[in-house]
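Have a look at the structure below, then the notes.
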Number of protein chains: 2
Amino acid sequence: MLENNELIQLAIVDDHPVVIEGLQRLLGSKDYLNVAGTFTSGADFLVFMKDNRTDIVLLDISLPDTNGMELCKEIKKRSPGTCVLVLSNHSERSIIMQMLQNGASGYLLKNASADELLNCIHEALAGQITFSNEIKQIIARPSAHELKEVPQLTRREKEILHLISDGMTTPQIAGKLNLSQLTIETHRRNLLQKFDVNNVAALIKVAVQQNLI
Amino acid sequence: MLENNELIQLAIVDDHPVVIEGLQRLLGSKDYLNVAGTFTSGADFLVFMKDNRTDIVLLDISLPDTNGMELCKEIKKRSPGTCVLVLSNHSERSIIMQMLQNGASGYLLKNASADELLNCIHEALAGQITFSNEIKQIIARPSAHELKEVPQLTRREKEILHLISDGMTTPQIAGKLNLSQLTIETHRRNLLQKFDVNNVAALIKVAVQQNLI
DNA sequence: TTTGCACTACCAGTTTCCCGGTATTTTTCC
DNA sequence: GGAAAAATACCGGGAAACTGGTAGTGCAAA
(Lines give C-alpha, C1' and ligand atoms only; values in the text may rest on other atoms or scores of the structure.)
Protein backbone atom coordinates (compact mmCIF):
# COMPACT_ATOMS: atom_id res chain seq x y z
CA MET A 1 0.00 0.00 0.00
CA LEU A 2 1.39 3.41 -0.97
CA GLU A 3 1.93 5.94 1.75
CA ASN A 4 0.03 9.18 1.34
CA ASN A 5 1.87 11.60 -0.93
CA GLU A 6 4.35 8.96 -1.98
CA LEU A 7 4.97 8.96 -5.69
CA ILE A 8 3.84 5.99 -7.72
CA GLN A 9 6.89 4.30 -9.18
CA LEU A 10 6.09 3.35 -12.76
CA ALA A 11 8.27 1.53 -15.27
CA ILE A 12 7.84 1.13 -19.01
CA VAL A 13 8.98 -1.90 -20.99
CA ASP A 14 8.60 -1.61 -24.74
CA ASP A 15 10.81 -2.46 -27.68
CA HIS A 16 9.98 0.79 -29.52
CA PRO A 17 11.78 3.88 -28.24
CA VAL A 18 9.17 6.19 -29.74
CA VAL A 19 6.46 4.49 -27.72
CA ILE A 20 8.52 4.89 -24.58
CA GLU A 21 9.11 8.55 -25.36
CA GLY A 22 5.44 9.23 -25.97
CA LEU A 23 4.47 7.54 -22.74
CA GLN A 24 7.13 9.46 -20.86
CA ARG A 25 5.78 12.75 -22.15
CA LEU A 26 2.27 11.80 -21.16
CA LEU A 27 3.07 10.34 -17.77
CA GLY A 28 6.05 12.47 -16.84
CA SER A 29 3.78 15.47 -16.39
CA LYS A 30 1.71 13.79 -13.69
CA ASP A 31 2.84 14.95 -10.29
CA TYR A 32 1.59 11.84 -8.52
CA LEU A 33 3.83 9.40 -10.36
CA ASN A 34 7.45 8.95 -11.20
CA VAL A 35 8.63 7.26 -14.38
CA ALA A 36 11.30 5.32 -12.56
CA GLY A 37 12.78 3.61 -15.57
CA THR A 38 12.24 2.68 -19.18
CA PHE A 39 13.51 -0.46 -20.85
CA THR A 40 13.57 -2.02 -24.27
CA SER A 41 14.35 -5.48 -22.96
CA GLY A 42 12.85 -7.71 -20.34
CA ALA A 43 16.14 -8.75 -18.88
CA ASP A 44 17.12 -5.15 -18.20
CA PHE A 45 13.84 -4.56 -16.42
CA LEU A 46 14.26 -7.65 -14.24
CA VAL A 47 17.65 -6.39 -13.16
CA PHE A 48 16.18 -2.96 -12.41
CA MET A 49 13.43 -4.47 -10.29
CA LYS A 50 15.90 -6.07 -7.96
CA ASP A 51 16.91 -2.75 -6.48
CA ASN A 52 13.98 -0.52 -7.31
CA ARG A 53 10.46 -0.63 -6.03
CA THR A 54 8.11 -0.71 -8.97
CA ASP A 55 4.45 -0.19 -8.22
CA ILE A 56 3.29 -0.67 -11.80
CA VAL A 57 4.90 -1.60 -15.09
CA LEU A 58 3.50 -0.87 -18.53
CA LEU A 59 4.53 -3.98 -20.41
CA ASP A 60 4.63 -4.69 -24.10
CA ILE A 61 4.41 -8.34 -25.15
CA SER A 62 6.72 -8.39 -28.14
CA LEU A 63 10.20 -7.88 -26.78
CA PRO A 64 13.48 -8.78 -28.48
CA ASP A 65 14.87 -10.96 -25.76
CA THR A 66 11.87 -12.36 -23.97
CA ASN A 67 8.43 -13.73 -24.41
CA GLY A 68 6.11 -11.21 -22.77
CA MET A 69 3.98 -14.00 -21.35
CA GLU A 70 6.87 -15.55 -19.50
CA LEU A 71 8.18 -12.13 -18.52
CA CYS A 72 4.86 -11.27 -16.93
CA LYS A 73 4.99 -14.49 -14.93
CA GLU A 74 8.55 -13.82 -13.91
CA ILE A 75 7.74 -10.27 -12.79
CA LYS A 76 4.88 -11.48 -10.61
CA LYS A 77 7.01 -14.26 -9.20
CA ARG A 78 9.84 -11.95 -8.19
CA SER A 79 7.66 -9.07 -7.08
CA PRO A 80 4.04 -10.04 -6.47
CA GLY A 81 3.17 -6.51 -5.42
CA THR A 82 4.08 -5.04 -8.78
CA CYS A 83 1.06 -4.42 -11.01
CA VAL A 84 1.51 -5.44 -14.62
CA LEU A 85 -0.51 -3.43 -17.10
CA VAL A 86 -0.14 -4.80 -20.60
CA LEU A 87 0.12 -2.22 -23.35
CA SER A 88 0.25 -4.04 -26.64
CA ASN A 89 -0.84 -4.18 -30.23
CA HIS A 90 -1.87 -7.80 -29.82
CA SER A 91 -5.63 -7.92 -29.83
CA GLU A 92 -6.19 -11.68 -29.98
CA ARG A 93 -8.49 -12.88 -27.24
CA SER A 94 -6.23 -15.81 -26.53
CA ILE A 95 -3.20 -13.63 -25.83
CA ILE A 96 -5.23 -11.25 -23.69
CA MET A 97 -6.56 -14.06 -21.53
CA GLN A 98 -3.23 -15.81 -21.16
CA MET A 99 -1.60 -12.57 -20.00
CA LEU A 100 -4.31 -12.16 -17.39
CA GLN A 101 -3.84 -15.73 -16.25
CA ASN A 102 -0.11 -15.10 -16.00
CA GLY A 103 -0.78 -12.35 -13.51
CA ALA A 104 -1.37 -9.13 -15.45
CA SER A 105 -3.78 -6.76 -13.72
CA GLY A 106 -4.90 -5.17 -16.91
CA TYR A 107 -4.68 -4.89 -20.65
CA LEU A 108 -4.97 -2.07 -23.13
CA LEU A 109 -4.25 -1.80 -26.79
CA LYS A 110 -1.78 0.86 -27.85
CA ASN A 111 -4.57 2.83 -29.51
CA ALA A 112 -6.23 3.49 -26.16
CA SER A 113 -6.64 7.14 -25.25
CA ALA A 114 -4.53 8.91 -22.67
CA ASP A 115 -7.53 9.12 -20.38
CA GLU A 116 -8.15 5.41 -20.67
CA LEU A 117 -4.53 4.64 -19.91
CA LEU A 118 -4.53 6.86 -16.82
CA ASN A 119 -7.82 5.41 -15.67
CA CYS A 120 -6.50 1.89 -16.04
CA ILE A 121 -3.32 2.76 -14.18
CA HIS A 122 -5.41 3.97 -11.25
CA GLU A 123 -7.72 0.98 -11.28
CA ALA A 124 -4.79 -1.44 -11.39
CA LEU A 125 -3.10 0.33 -8.50
CA ALA A 126 -6.37 0.14 -6.61
CA GLY A 127 -6.12 -3.63 -6.82
CA GLN A 128 -8.65 -4.10 -9.58
CA ILE A 129 -8.53 -6.01 -12.80
CA THR A 130 -8.77 -3.37 -15.50
CA PHE A 131 -9.44 -3.37 -19.23
CA SER A 132 -9.78 -0.66 -21.79
CA ASN A 133 -13.13 -0.45 -23.53
CA GLU A 134 -11.86 -2.16 -26.64
CA ILE A 135 -10.50 -5.08 -24.63
CA LYS A 136 -13.85 -5.48 -22.88
CA GLN A 137 -15.48 -5.54 -26.28
CA ILE A 138 -13.08 -8.26 -27.46
CA ILE A 139 -13.64 -10.33 -24.33
CA ALA A 140 -17.42 -10.03 -24.51
CA ARG A 141 -17.82 -10.55 -28.20
CA PRO A 142 -14.66 -11.96 -29.80
CA SER A 143 -16.47 -12.84 -33.01
CA ALA A 144 -17.35 -9.23 -33.69
CA HIS A 145 -13.70 -8.30 -33.33
CA GLU A 146 -12.52 -11.09 -35.60
CA LEU A 147 -15.19 -10.34 -38.20
CA LYS A 148 -16.41 -13.88 -37.92
CA GLU A 149 -19.95 -15.06 -37.69
CA VAL A 150 -20.85 -17.23 -34.74
CA PRO A 151 -22.63 -20.32 -36.11
CA GLN A 152 -26.32 -20.49 -35.39
CA LEU A 153 -26.96 -23.67 -33.46
CA THR A 154 -30.24 -25.50 -33.07
CA ARG A 155 -31.55 -26.39 -29.63
CA ARG A 156 -30.31 -29.95 -29.92
CA GLU A 157 -26.92 -28.92 -31.25
CA LYS A 158 -26.38 -26.61 -28.29
CA GLU A 159 -27.33 -29.35 -25.90
CA ILE A 160 -24.96 -31.83 -27.49
CA LEU A 161 -22.16 -29.29 -27.72
CA HIS A 162 -22.40 -28.71 -23.97
CA LEU A 163 -22.41 -32.43 -23.26
CA ILE A 164 -19.40 -33.00 -25.49
CA SER A 165 -17.55 -30.20 -23.72
CA ASP A 166 -18.30 -31.88 -20.40
CA GLY A 167 -16.29 -34.83 -21.65
CA MET A 168 -19.15 -37.17 -22.47
CA THR A 169 -18.61 -39.68 -25.26
CA THR A 170 -21.08 -40.38 -28.04
CA PRO A 171 -22.38 -43.55 -26.37
CA GLN A 172 -22.80 -41.70 -23.09
CA ILE A 173 -24.69 -38.82 -24.70
CA ALA A 174 -26.93 -41.25 -26.57
CA GLY A 175 -27.73 -42.98 -23.31
CA LYS A 176 -28.45 -39.74 -21.51
CA LEU A 177 -30.72 -38.35 -24.21
CA ASN A 178 -32.32 -41.69 -25.13
CA LEU A 179 -31.27 -41.33 -28.74
CA SER A 180 -29.34 -43.51 -31.16
CA GLN A 181 -25.56 -43.21 -31.18
CA LEU A 182 -25.88 -42.62 -34.89
CA THR A 183 -28.11 -39.62 -34.24
CA ILE A 184 -25.46 -38.15 -31.93
CA GLU A 185 -22.84 -38.83 -34.60
CA THR A 186 -24.88 -36.85 -37.11
CA HIS A 187 -25.20 -33.93 -34.72
CA ARG A 188 -21.45 -34.01 -34.10
CA ARG A 189 -20.83 -34.00 -37.82
CA ASN A 190 -23.15 -31.06 -38.26
CA LEU A 191 -21.39 -29.18 -35.46
CA LEU A 192 -17.96 -29.77 -37.04
CA GLN A 193 -19.31 -28.49 -40.35
CA LYS A 194 -20.95 -25.41 -38.86
CA PHE A 195 -17.74 -24.42 -37.07
CA ASP A 196 -15.61 -25.46 -40.03
CA VAL A 197 -13.29 -27.61 -37.94
CA ASN A 198 -12.09 -31.19 -38.25
CA ASN A 199 -12.31 -32.46 -34.73
CA VAL A 200 -13.74 -31.93 -31.31
CA ALA A 201 -10.66 -30.25 -29.84
CA ALA A 202 -10.88 -27.37 -32.28
CA LEU A 203 -14.66 -27.30 -31.96
CA ILE A 204 -14.62 -26.89 -28.20
CA LYS A 205 -11.82 -24.33 -28.35
CA VAL A 206 -13.75 -22.13 -30.75
CA ALA A 207 -17.01 -22.61 -28.87
CA VAL A 208 -15.50 -21.56 -25.54
CA GLN A 209 -13.55 -18.69 -27.11
CA GLN A 210 -16.70 -17.41 -28.80
CA ASN A 211 -18.53 -17.55 -25.47
CA LEU A 212 -20.96 -20.25 -26.47
CA ILE A 213 -19.88 -22.37 -23.52
CA MET B 1 -29.08 8.46 -28.19
CA LEU B 2 -30.88 10.15 -25.31
CA GLU B 3 -31.86 13.74 -25.70
CA ASN B 4 -30.44 16.10 -23.14
CA ASN B 5 -32.51 16.17 -19.96
CA GLU B 6 -34.54 13.19 -21.07
CA LEU B 7 -34.97 10.68 -18.30
CA ILE B 8 -33.36 7.28 -18.68
CA GLN B 9 -36.07 4.65 -18.87
CA LEU B 10 -35.00 1.70 -16.77
CA ALA B 11 -36.76 -1.61 -16.20
CA ILE B 12 -36.09 -4.30 -13.62
CA VAL B 13 -36.71 -8.01 -14.20
CA ASP B 14 -36.17 -10.21 -11.17
CA ASP B 15 -38.09 -13.07 -9.64
CA HIS B 16 -37.62 -11.80 -6.08
CA PRO B 17 -39.89 -8.90 -5.08
CA VAL B 18 -37.51 -7.83 -2.30
CA VAL B 19 -34.71 -7.38 -4.82
CA ILE B 20 -36.98 -5.29 -7.00
CA GLU B 21 -38.00 -3.18 -4.03
CA GLY B 22 -34.43 -2.59 -2.95
CA LEU B 23 -33.43 -1.55 -6.43
CA GLN B 24 -36.42 0.74 -6.68
CA ARG B 25 -35.44 2.48 -3.49
CA LEU B 26 -31.90 2.93 -4.70
CA LEU B 27 -32.68 3.97 -8.24
CA GLY B 28 -35.94 5.77 -7.67
CA SER B 29 -34.14 8.58 -5.93
CA LYS B 30 -32.00 9.39 -8.95
CA ASP B 31 -33.43 12.34 -10.81
CA TYR B 32 -31.89 11.37 -14.12
CA LEU B 33 -33.69 8.06 -14.47
CA ASN B 34 -37.17 6.68 -14.31
CA VAL B 35 -37.93 3.18 -13.10
CA ALA B 36 -40.40 2.58 -15.88
CA GLY B 37 -41.49 -0.88 -14.83
CA THR B 38 -40.64 -3.88 -12.70
CA PHE B 39 -41.39 -7.48 -13.59
CA THR B 40 -41.05 -10.89 -12.05
CA SER B 41 -41.42 -12.68 -15.35
CA GLY B 42 -39.78 -12.41 -18.71
CA ALA B 43 -43.00 -12.67 -20.66
CA ASP B 44 -44.46 -9.69 -18.85
CA PHE B 45 -41.41 -7.63 -19.63
CA LEU B 46 -41.50 -8.54 -23.32
CA VAL B 47 -45.09 -7.36 -23.47
CA PHE B 48 -44.14 -4.14 -21.68
CA MET B 49 -41.31 -3.48 -24.13
CA LYS B 50 -43.67 -3.48 -27.06
CA ASP B 51 -45.20 -0.19 -26.03
CA ASN B 52 -42.58 1.33 -23.79
CA ARG B 53 -39.15 2.58 -24.66
CA THR B 54 -36.64 0.90 -22.38
CA ASP B 55 -33.12 2.28 -22.43
CA ILE B 56 -31.72 -0.26 -20.00
CA VAL B 57 -33.01 -3.35 -18.22
CA LEU B 58 -31.56 -4.88 -15.10
CA LEU B 59 -32.06 -8.56 -15.79
CA ASP B 60 -31.87 -11.53 -13.50
CA ILE B 61 -31.12 -14.88 -15.10
CA SER B 62 -33.23 -17.23 -13.02
CA LEU B 63 -36.80 -16.43 -13.87
CA PRO B 64 -39.83 -18.65 -13.34
CA ASP B 65 -41.05 -18.66 -16.90
CA THR B 66 -38.00 -18.12 -19.01
CA ASN B 67 -34.38 -18.94 -19.41
CA GLY B 68 -32.52 -15.68 -18.85
CA MET B 69 -30.10 -16.51 -21.65
CA GLU B 70 -32.84 -16.86 -24.20
CA LEU B 71 -34.66 -13.86 -22.76
CA CYS B 72 -31.58 -11.71 -23.23
CA LYS B 73 -31.36 -12.80 -26.85
CA GLU B 74 -35.03 -12.11 -27.35
CA ILE B 75 -34.78 -8.64 -25.81
CA LYS B 76 -31.90 -7.70 -28.10
CA LYS B 77 -33.71 -9.14 -31.09
CA ARG B 78 -36.87 -7.15 -30.48
CA SER B 79 -35.18 -3.98 -29.29
CA PRO B 80 -31.50 -3.79 -30.22
CA GLY B 81 -31.17 -0.37 -28.64
CA THR B 82 -32.08 -1.61 -25.18
CA CYS B 83 -29.05 -2.23 -22.96
CA VAL B 84 -29.18 -5.43 -20.95
CA LEU B 85 -27.32 -5.30 -17.67
CA VAL B 86 -27.31 -8.67 -15.96
CA LEU B 87 -27.77 -8.59 -12.21
CA SER B 88 -27.49 -12.13 -10.95
CA ASN B 89 -26.22 -14.46 -8.28
CA HIS B 90 -24.73 -16.72 -10.94
CA SER B 91 -20.99 -16.31 -10.82
CA GLU B 92 -19.91 -19.11 -13.16
CA ARG B 93 -17.63 -17.88 -15.89
CA SER B 94 -19.51 -19.89 -18.47
CA ILE B 95 -22.83 -18.23 -17.71
CA ILE B 96 -21.27 -14.79 -17.64
CA MET B 97 -19.67 -15.26 -21.05
CA GLN B 98 -22.78 -16.77 -22.64
CA MET B 99 -24.87 -13.83 -21.45
CA LEU B 100 -22.38 -11.44 -23.02
CA GLN B 101 -22.42 -13.39 -26.25
CA ASN B 102 -26.21 -13.26 -26.21
CA GLY B 103 -26.03 -9.49 -26.22
CA ALA B 104 -25.78 -8.31 -22.62
CA SER B 105 -23.81 -5.08 -22.23
CA GLY B 106 -22.74 -5.86 -18.72
CA TYR B 107 -22.82 -8.14 -15.75
CA LEU B 108 -22.78 -7.65 -12.03
CA LEU B 109 -23.34 -9.96 -9.13
CA LYS B 110 -26.07 -9.04 -6.71
CA ASN B 111 -23.51 -8.29 -4.02
CA ALA B 112 -22.11 -5.36 -6.02
CA SER B 113 -22.24 -2.02 -4.26
CA ALA B 114 -24.71 0.72 -5.14
CA ASP B 115 -21.89 2.80 -6.56
CA GLU B 116 -20.76 -0.06 -8.78
CA LEU B 117 -24.29 -0.62 -10.02
CA LEU B 118 -24.74 3.05 -10.87
CA ASN B 119 -21.36 3.19 -12.54
CA CYS B 120 -22.17 0.15 -14.65
CA ILE B 121 -25.53 1.60 -15.62
CA HIS B 122 -23.77 4.71 -16.92
CA GLU B 123 -21.08 2.80 -18.76
CA ALA B 124 -23.64 0.53 -20.42
CA LEU B 125 -25.71 3.51 -21.51
CA ALA B 126 -22.55 5.07 -22.90
CA GLY B 127 -22.28 2.09 -25.22
CA GLN B 128 -19.57 0.28 -23.34
CA ILE B 129 -19.25 -3.29 -22.18
CA THR B 130 -19.23 -3.08 -18.41
CA PHE B 131 -18.38 -5.43 -15.57
CA SER B 132 -18.29 -5.08 -11.86
CA ASN B 133 -14.90 -5.62 -10.25
CA GLU B 134 -15.78 -9.10 -9.11
CA ILE B 135 -16.85 -10.13 -12.61
CA LYS B 136 -13.56 -8.81 -14.01
CA GLN B 137 -11.77 -10.90 -11.42
CA ILE B 138 -13.71 -14.00 -12.45
CA ILE B 139 -13.04 -13.38 -16.14
CA ALA B 140 -9.33 -12.78 -15.60
CA ARG B 141 -8.68 -15.54 -13.18
CA PRO B 142 -11.54 -18.08 -13.05
CA SER B 143 -9.46 -20.62 -11.13
CA ALA B 144 -9.03 -18.27 -8.18
CA HIS B 145 -12.78 -17.83 -8.03
CA GLU B 146 -13.46 -21.54 -8.24
CA LEU B 147 -10.82 -22.34 -5.65
CA LYS B 148 -9.14 -24.62 -8.14
CA GLU B 149 -5.50 -24.86 -8.91
CA VAL B 150 -4.47 -24.41 -12.49
CA PRO B 151 -2.24 -27.37 -13.41
CA GLN B 152 1.40 -26.52 -13.87
CA LEU B 153 2.38 -27.50 -17.38
CA THR B 154 5.85 -28.15 -18.69
CA ARG B 155 7.09 -26.35 -21.79
CA ARG B 156 6.36 -29.34 -23.98
CA GLU B 157 2.94 -29.93 -22.49
CA LYS B 158 1.96 -26.32 -23.20
CA GLU B 159 3.15 -26.62 -26.76
CA ILE B 160 1.22 -29.83 -27.34
CA LEU B 161 -1.89 -28.49 -25.65
CA HIS B 162 -1.90 -25.54 -28.05
CA LEU B 163 -1.41 -27.80 -31.04
CA ILE B 164 -4.21 -30.11 -29.93
CA SER B 165 -6.52 -27.13 -29.49
CA ASP B 166 -5.70 -26.04 -33.03
CA GLY B 167 -7.23 -29.32 -34.18
CA MET B 168 -4.03 -31.17 -34.97
CA THR B 169 -4.08 -34.95 -34.57
CA THR B 170 -1.42 -36.97 -32.82
CA PRO B 171 0.24 -38.04 -36.07
CA GLN B 172 0.24 -34.44 -37.28
CA ILE B 173 1.80 -33.15 -34.07
CA ALA B 174 4.43 -35.87 -34.15
CA GLY B 175 5.32 -34.87 -37.68
CA LYS B 176 5.49 -31.18 -36.84
CA LEU B 177 7.68 -31.65 -33.77
CA ASN B 178 9.76 -34.51 -35.19
CA LEU B 179 8.80 -36.77 -32.32
CA SER B 180 7.30 -40.23 -32.10
CA GLN B 181 3.54 -40.54 -32.10
CA LEU B 182 3.97 -42.56 -28.92
CA THR B 183 5.71 -39.61 -27.28
CA ILE B 184 2.79 -37.36 -28.18
CA GLU B 185 0.42 -39.98 -26.78
CA THR B 186 2.30 -39.92 -23.51
CA HIS B 187 2.11 -36.13 -23.32
CA ARG B 188 -1.63 -36.29 -24.04
CA ARG B 189 -2.03 -38.85 -21.29
CA ASN B 190 -0.14 -36.65 -18.88
CA LEU B 191 -2.28 -33.64 -19.82
CA LEU B 192 -5.50 -35.60 -19.22
CA GLN B 193 -4.19 -36.65 -15.82
CA LYS B 194 -3.07 -33.18 -14.81
CA PHE B 195 -6.46 -31.71 -15.67
CA ASP B 196 -8.29 -34.72 -14.25
CA VAL B 197 -10.37 -35.24 -17.36
CA ASN B 198 -11.06 -38.23 -19.58
CA ASN B 199 -10.81 -36.81 -23.04
CA VAL B 200 -9.65 -33.96 -25.16
CA ALA B 201 -12.98 -32.17 -25.31
CA ALA B 202 -13.04 -31.63 -21.57
CA LEU B 203 -9.33 -30.85 -21.57
CA ILE B 204 -9.63 -28.06 -24.12
CA LYS B 205 -12.74 -26.66 -22.46
CA VAL B 206 -11.01 -26.36 -19.11
CA ALA B 207 -7.81 -25.02 -20.65
CA VAL B 208 -9.61 -22.25 -22.53
CA GLN B 209 -11.85 -21.43 -19.58
CA GLN B 210 -8.84 -21.18 -17.29
CA ASN B 211 -7.17 -18.84 -19.78
CA LEU B 212 -4.35 -21.16 -20.67
CA ILE B 213 -5.23 -20.92 -24.34
C1' DT C 1 27.75 -35.76 -7.22
C1' DT C 2 23.23 -37.23 -6.60
C1' DT C 3 18.46 -36.81 -6.98
C1' DG C 4 14.44 -35.52 -9.19
C1' DC C 5 12.06 -33.79 -13.06
C1' DA C 6 11.23 -33.40 -17.96
C1' DC C 7 11.26 -35.64 -22.07
C1' DT C 8 11.33 -39.34 -24.98
C1' DA C 9 9.75 -43.90 -26.43
C1' DC C 10 7.56 -48.30 -26.19
C1' DC C 11 2.94 -51.22 -27.69
C1' DA C 12 -1.04 -54.12 -27.91
C1' DG C 13 -5.80 -53.90 -27.16
C1' DT C 14 -10.05 -51.48 -26.83
C1' DT C 15 -12.99 -47.71 -27.53
C1' DT C 16 -14.27 -43.70 -29.80
C1' DC C 17 -14.30 -40.62 -33.53
C1' DC C 18 -14.56 -39.19 -38.22
C1' DC C 19 -15.86 -39.87 -42.97
C1' DG C 20 -18.60 -40.88 -47.24
C1' DG C 21 -23.00 -39.63 -47.64
C1' DT C 22 -28.62 -40.72 -47.84
C1' DA C 23 -33.37 -40.84 -46.09
C1' DT C 24 -37.55 -40.41 -43.24
C1' DT C 25 -40.24 -38.23 -39.68
C1' DT C 26 -41.46 -34.49 -36.76
C1' DT C 27 -41.81 -29.83 -35.62
C1' DT C 28 -42.12 -25.08 -36.50
C1' DC C 29 -43.41 -21.08 -38.82
C1' DC C 30 -45.62 -18.32 -42.33
C1' DG D 1 -52.02 -26.33 -44.72
C1' DG D 2 -47.73 -26.49 -46.78
C1' DA D 3 -42.93 -25.61 -46.92
C1' DA D 4 -38.79 -25.51 -44.63
C1' DA D 5 -36.03 -26.58 -40.90
C1' DA D 6 -34.87 -29.63 -37.28
C1' DA D 7 -34.32 -34.03 -35.64
C1' DT D 8 -33.68 -38.70 -36.08
C1' DA D 9 -31.45 -42.76 -38.00
C1' DC D 10 -28.66 -45.51 -40.97
C1' DC D 11 -23.52 -48.10 -41.25
C1' DG D 12 -19.13 -49.99 -42.43
C1' DG D 13 -14.43 -48.86 -42.56
C1' DG D 14 -10.39 -46.67 -41.25
C1' DA D 15 -8.03 -43.58 -38.35
C1' DA D 16 -7.40 -41.62 -34.02
C1' DA D 17 -7.72 -41.59 -29.18
C1' DC D 18 -7.51 -43.72 -24.82
C1' DT D 19 -5.89 -47.28 -21.54
C1' DG D 20 -2.79 -50.35 -18.90
C1' DG D 21 1.39 -49.34 -17.69
C1' DT D 22 7.10 -49.54 -18.03
C1' DA D 23 11.73 -47.66 -18.99
C1' DG D 24 15.90 -45.00 -20.37
C1' DT D 25 18.36 -40.50 -21.02
C1' DG D 26 19.53 -35.80 -20.24
C1' DC D 27 19.31 -31.69 -17.69
C1' DA D 28 18.77 -28.85 -13.72
C1' DA D 29 18.99 -28.01 -9.02
C1' DA D 30 20.43 -28.89 -4.42
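All chains are named by letter (A, B, ...) in the order of the sequence lines, taking the proteins before the strands, and each is independently numbered beginning at 1. Basis for what follows: all heavy atoms, side chains included, without hydrogens, waters or symmetry-related copies.
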- Message: Tell me whether E185(A) is salt-bridged to R189(A), with the criterion being a basic N under 4.0 Å from an acidic carboxylate O.
- Response: no

- Message: Quick one about H122(B) and Y32(B) (side-chain donor to acceptor, distance below 3.5 Å, no hydrogens or angles considered), yes or no?
- Response: yes

- Message: Between Q9(A) and D55(A), do the side chains contain a donor N or O and an acceptor N or O under 3.5 Å apart?
- Response: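 The answer is no; no qualifying pair exists.
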
- Using a cut-off of 4.0 Å on non-hydrogen atoms, how would the nucleic acid contact of L182(A) be classed: base, sugar-phosphate, or nothing? base

- Query: What does R189(A) touch in the nucleic acid at a heavy-atom separation under 4.0 angstrom: a base, only the sugar-phosphate, or nothing?
  - Reply: base

Euclidean distance, [Y] [atom2] relative to [X] [atom1], rounded to 0.5 Å:
| X | Y | atom1 | atom2 | answer |
| --- | --- | --- | --- | --- |
| L109(B) | L117(B) | CG | CG | 12.0 Å |
| M97(A) | I135(A) | CE | CD1 | 10.0 Å |
| F45(A) | I75(A) | CZ | CD1 | 5.0 Å |

Donor-acceptor contacts under 3.5 Å from residues 159-168 of chain A side chains, at least two apart:
unit_1: E159(A); atom_1: OE1; unit_2: R156(A); atom_2: NH1; d: 2.8
unit_1: S165(A); atom_1: OG; unit_2: H162(A); atom_2: O; d: 2.8
unit_1: D166(A); atom_1: OD1; unit_2: K205(B); atom_2: NZ; d: 2.7

- Message: Applying side chain to side chain donor-acceptor pair (under 3.5 Å) as the test, list every pair that has at least one member in residues 93-102 of chain B; sequence neighbours left out.
- Response: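 Those involving residues 93-102 of chain B are S94(B)-Q98(B).
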
Respond yes when some side-chain nitrogen or oxygen of [X] is under 4.0 Å from OP1 or OP2 of [N], and no when none is.
| X | N | answer |
| --- | --- | --- |
| R156(B) | dT8(C) | yes |
| T183(B) | dT8(C) | no |
| T186(B) | dC10(C) | no |

- Query: Which of residues 159-171 of chain A have a heavy atom under 4.0 Å from DNA chain C?
  - Reply: T169(A), T170(A), P171(A)

- Task: Please work out which residues in residues 191-205 of chain B have a non-hydrogen atom less than 4.0 Å from an atom of DNA chain C and list them by number.
- Result: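 Hits under 4.0 Å, by residue number: none.
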
Side-chain donor-acceptor pairs under 3.5 Å in residues 206-213 of chain A, sequence neighbours left out?
unit_1: Q210(A); atom_1: OE1; unit_2: S143(A); atom_2: N; d: 3.1
unit_1: Q210(A); atom_1: NE2; unit_2: E146(A); atom_2: OE1; d: 3.4
unit_1: N211(A); atom_1: ND2; unit_2: I139(A); atom_2: O; d: 3.0
unit_1: N211(A); atom_1: ND2; unit_2: A140(A); atom_2: O; d: 3.0

Rounded interatomic separation in angstrom, taking [atom1] from [X] and [atom2] from [N]:
| X | N | atom1 | atom2 | answer |
| --- | --- | --- | --- | --- |
| Q181(B) | dT8(C) | CD | C1' | 14 Å |
| N178(B) | dT8(C) | CG | C1' | 13 Å |
| H187(A) | dC17(C) | NE2 | P | 15 Å |
| I184(B) | dT8(C) | CD1 | P | 7 Å |
| N190(A) | dA23(C) | CG | C1' | 14 Å |
| R188(A) | dT16(C) | CZ | P | 11 Å |

- Message: Under 4.0 Å from a heavy atom of chain B: give me the 5'-most and 3'-most nucleotides of DNA chain D that qualify.
- Response: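 First-to-last contact on DNA chain D, by the 4.0 Å heavy-atom rule, is dA16(D) to dG21(D).
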
- First of E185(B) and E157(B) reached from the 5' end of DNA chain C, by closest nucleotide: E157(B)

- Taking the side chain as C-beta and beyond, is there a heavy-atom pair between F48(B) and T54(B) under 4.5 Å?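 When only atoms from C-beta onward are counted, T54(B) and F48(B) do touch, with a gap below 4.5 Å.
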
- Message: Measuring only between side-chain heavy atoms, which start at C-beta, is L59(A) closer than 4.5 Å to C72(A)?
- Response: yes

- Query: Does I20(B) offer a backbone N or O that forms a donor-acceptor pair with the side chain of D14(B) under 3.5 Å?
  - Reply: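 Not confirmed, D14(B) side chain does not pair with I20(B) backbone.
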
